[in-house]
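Hydrogens, waters and symmetry mates play no part in the numbers below; they use all other heavy atoms, side chains included. Letters A, B, ... mirror the listed sequences (proteins, then strands); counts begin at 1.
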Amino acid sequence: MDALGDGRYSIRVVEQLTGLTARQIRYYETKGLLAPQRTAGRQRLFSAADVERLQWIRTWRGEGVTLAAIKTRLQAAKPAHAAAGRTPARETDAWARLSRPALTSLYPVSDRGRLMEVMEERHRSRKDGDR
DNA sequence: GTTCTAACA
DNA sequence: TGTTAGGA
């Protein structure tokens, strides 16, 4: 039960992808850090964007950033222009700083295989020293 | 069988 | 946070 095939992931897959526990993921949602869509049965369906947000949450949390501060960063990073369906006029906003460059910095790899390895490493460190 | 919410360890 | 109860 993993890939839903259409860019949406079950919470279990998101656990593997982010190295977070389902408990944490649900908790972050209650804190308003993300709002994955739901199935009719109320099960969460995470988009790639949701996964990306969670990866940032995990990274920042590891740096000691509080959830409140992370929420602010994510809100700043949230591209209002995306919802508006147009390109942002200013490339100097938070979104521009936090998107491509930051992700590239976190995962300086271009092949999916290596990316999965990196995430797996993070997943393994979840239970111990990484906190 | 998987995920959900709520609540307690 | 982890874990479990009790449902959907």
Side-chain angles (χ1 to χ4, degrees):
Chain A
M1 276 73 189
D2 45 287
L4 282 63
D6 63 337
R8 287 183 282 188
Y9 313 85
S10 69
I11 195 165
R12 198 159 268 173
V13 172
V14 176
E15 282 189 288
Q16 321 303 160
L17 292 176
T18 64
L20 294 165
T21 64
R23 178 75 166 81
Q24 291 174 305
I25 295 167
R26 295 186 187 112
Y27 180 64
Y28 299 153
E29 180 180 352
T30 69
K31 290 301 178 181
L33 275 62
L34 73 158
Q37 81 181 150
R38 301 286 191 121
T39 65
R42 291 199 38 78
Q43 295 193 187
R44 277 164 268 248
L45 284 180
F46 298 86
S47 67
D50 290 322
V51 173
E52 211 167 285
R53 291 170 75 85
L54 287 167
Q55 288 170 332
W56 267 314
I57 292 170
R58 188 185 192 282
T59 297
W60 288 332
R61 263 212 43 198
E63 298 172 348
V65 181
T66 66
L67 288 186
I70 290 175
K71 182 178 182 180
T72 299
R73 292 191 187 187
L74 289 175
Q75 291 177 327
K78 188 172 187 175
H81 51 269
R86 59 182 178 73
T87 302
R90 308 180 299 281
E91 278 302 318
T92 56
D93 63 12
W95 175 245
R97 295 199 309 279
L98 296 173
S99 55
R100 300 301 189 192
L103 187 60
T104 299
S105 174
L106 288 174
Y107 305 107
V109 294
S110 56
D111 59 292
R112 181 176 175 73
R114 176 55 188 150
L115 177 57
M116 291 306 285
E117 287 179 24
V118 171
M119 293 194 285
E120 188 52 38
E121 289 168 12
R122 292 183 156 227
H123 183 241
R124 290 187 51 221
S125 66
R126 166 174 103 199
K127 282 289 184 179
D128 34 75
D130 180 52
R131 265 171 309 184

Rounded to whole Å, OH of A:Y27 lies from C1' of C:dT3 at a distance of 17 Å
Describe the nucleic acid contact of A:R26 in one word from base, sugar-phosphate, nothing, applying a heavy-atom distance below 4.0 Å.
-> base
A:R38 side chain near C:dA8 phosphate (N/O to OP1/OP2, under 4.0 Å) | no
Starting at CD1 of A:I57, measure out to CD of A:Q24 and round the result to the nearest 0.5 Å.
-> 10.0 Å
Given the options A:R38, A:R53, A:R23, A:E29 meets salt bridge (charged side-chain N to carboxylate O under 4.0 Å, His left out) only with A:R38
Selected nucleotide, minimal atom distance to A:R23 side chain, candidates C:dT3, B:dC4, B:dT2 | C:dT3
Rounding to a whole Å, what distance do you find between A:L45:CG and B:dT3:C1'?
-> 11 Å
Between A:E15 (side chain) and A:A22 (backbone), is there a donor-acceptor pair under 3.5 Å?
-> yes
Using a cut-off of less than 4.0 Å, is there contact between a side-chain N or O of A:R12 and OP1 or OP2 of B:dT2?
-> yes
Think A:R73 forms a cation-pi with A:W56, using NZ or CZ under 6.0 Å from the six-ring centre and within 45 degrees of its axis?
-> no
Scanning all shown strands, the Watson-Crick or wobble mate of B:dG1 with both distances under 3.5 Å is none
Rounded to whole angstroms, how far apart are CG on A:L20 and C1' on B:dT3?
-> 17 Å
CG of A:L17 to CZ of A:F46, rounded to nearest 0.5 Å, is 10.5 Å
Whole-Å distance, A:R8 CZ to B:dT2 P, equals 21 Å
Given that A:L67 and A:Q43 both sit by DNA chain C, which one's nearest nucleotide is further toward the 5' end?
-> A:L67
Phosphate OP1/OP2 of C:dG2: any A:T21 side-chain N/O under 4.0 Å | yes
Would you say a side-chain N or O of A:S10 is under 4.0 Å from OP1 or OP2 of B:dT3?
-> yes
Euclidean distance, atom CZ of residue A:F46 to atom C1' of B:dT2 [Å, nearest integer] | 13 Å
Find the distance A:I25:CD1 to B:dT3:P and express it as a whole number of Å.
-> 11 Å
